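Since this is a predicted model, take the numbers as computed values, not measurements.
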Amino acid sequence: MEIAEALLNIPTKDESTAELSPSRAAYRKLLADTMLQGRTRVLCFSNRPRTPLRSLLEPPTPTNIQPVAKKRRHIPQGPKQTLDVPNIIADDQLNVLDWGSEDVLAIALDDAVYLWNDANESITELVTVTRSSAPITSVGWAPDGRHLATGQSDATVVLYDVTAMKPVRVIT
């Protein structure tokens, strides 16, 4: 049967009144050349198999370009850094660690918040709350990586500007 050729060459109802545009004619020719490879029949019997079609999903590649070898990633077998966190509140309901977009880790240890910078491996104390207030139970970075929100168990939320190292807003 010559179904594919008929489907490619028979004009549809909307094309019967108007001529094919040059781009549509070129598309049909390219489709016929790719799918049928110059054959006039879809099924034809011969002694030798035809060359297989290359994948339609892969873009054609020139033969003179060599594939680029993938770079091997180094996956360390041990930790990069071990941080000592003696006063961390051990409760899985709390969010006392948060990694920011600027590669800075915020850690809440009881009544203080520390910032560990991955680039230079420095530790900075952001704030220490007074003992009369509740401990810090949650930290969270803003997407910009410059602002850090802390939450305390007495429902106080403080927003800090990390570049200025000072509180911006307190919500009680």
Side-chain angles (χ1 to χ4, degrees), residues 4 7-8 12 14 21-24 26-28 30-35 51-172:
L7 290 174
L8 290 173
T12 59
D14 59 343
S21 67
S23 61
R24 186 153 181 107
Y27 172 74
R28 283 195 174 176
L30 179 64
L31 186 63
D33 290 345
T34 303
M35 296 302 292
T51 59
L53 290 173
R54 71 173 174 229
S55 174
L56 295 176
L57 299 177
E58 296 175 7
T61 57
T63 57
N64 58 355
I65 296 177
Q66 297 294 330
V68 177
K70 281 187 166 182
K71 293 181 181 178
R72 307 274 275 152
R73 287 188 342 170
H74 171 68
I75 301 174
Q77 298 300 316
K80 177 181 176 184
Q81 179 83 19
T82 303
L83 299 175
D84 184 25
V85 286
N87 296 333
I88 195 163
I89 301 172
D91 188 355
D92 60 349
Q93 299 294 319
L94 304 179
N95 186 24
V96 294
L97 294 171
D98 195 25
W99 194 275
S101 62
E102 299 291 324
D103 284 338
V104 177
L105 179 68
I107 306 166
L109 299 176
D110 194 24
D111 59 349
V113 175
Y114 295 93
L115 304 174
W116 179 71
N117 191 336
D118 183 42
N120 57 12
E121 297 183 357
S122 65
I123 298 174
T124 308
E125 183 178 349
L126 177 65
V127 65
T128 300
V129 295
T130 61
R131 281 283 175 194
S132 62
S133 64
I136 296 174
T137 56
S138 180
V139 292
W141 284 100
D144 64 359
R146 294 182 48 218
H147 295 92
L148 180 73
T150 62
Q152 298 174 354
S153 62
D154 64 351
T156 302
V157 177
V158 182
L159 181 65
Y160 291 94
D161 184 358
V162 176
T163 56
M165 300 294 280
K166 64 178 185 173
V168 177
R169 186 165 186 187
V170 178
I171 302 169
T172 54

If I compare all heavy atoms of Ala119 with all of Asn117, which pair ends up nearest, and what's the gap? N-OD1, 3.0 Å
Applying side chain to side chain donor-acceptor pair (under 3.5 Å) as the test, list every pair that has at least one member in residues 159-169; sequence neighbours left out. Asp161-Thr163
Are Thr124 and Val104 side-chain neighbours, meaning at least one heavy-atom pair lies under 4.5 Å? no
Residues two or more places apart in sequence or in another chain: which of them pass side-chain contact (heavy atoms from CB on, under 4.5 Å) with Thr172? Thr156, Val170
What distance separates Leu97 CG from Trp116 CH2, expressed to the nearest 0.5 Å? 11.5 Å
Filter on side chain to side chain donor-acceptor pair (under 3.5 Å), then keep only pairs touching residues 92-101, sequence neighbours left out; what's left? Trp99-Asp103
Over all heavy atoms of both residues, which pair between Ile136 and Ala108 is shortest? Give the atoms and the distance, please. CG2-CB, 3.7 Å
Residues which pass side chain to side chain donor-acceptor pair (under 3.5 Å) with Thr82, listed by chain and number, not counting sequence neighbours: none
Chi angles and distances behind the side-chain contact (heavy atoms from CB on, under 4.5 Å) call for Leu115, Leu148: CA-CA 10 Å; Leu115 304 174; Leu148 180 73; 4.1 Å; yes
Find the distance between OG1 (Thr137) and CG (Asp154) and round it off to the nearest 0.5 Å. 8.5 Å
Residues at least two apart in sequence or cross-chain that pass salt bridge (charged side-chain N to carboxylate O under 4.0 Å, His left out) with Asp118, listed by chain then number, are Lys80
Nearest 0.5 Å, what's the CD1-CG distance between Ile107 and Leu109? 6.0 Å
The criterion is side-chain contact (heavy atoms from CB on, under 4.5 Å); which residues satisfy it with Ala142, sequence neighbours excluded? Asp144, His147
Rounded to the nearest 0.5 Å, the NE2 atom of His74 sits from the NZ atom of Lys71 at a distance of 16.0 Å
Check side-chain contact (heavy atoms from CB on, under 4.5 Å) between Ala155 and all other residues, then give those that pass, not counting sequence neighbours. none
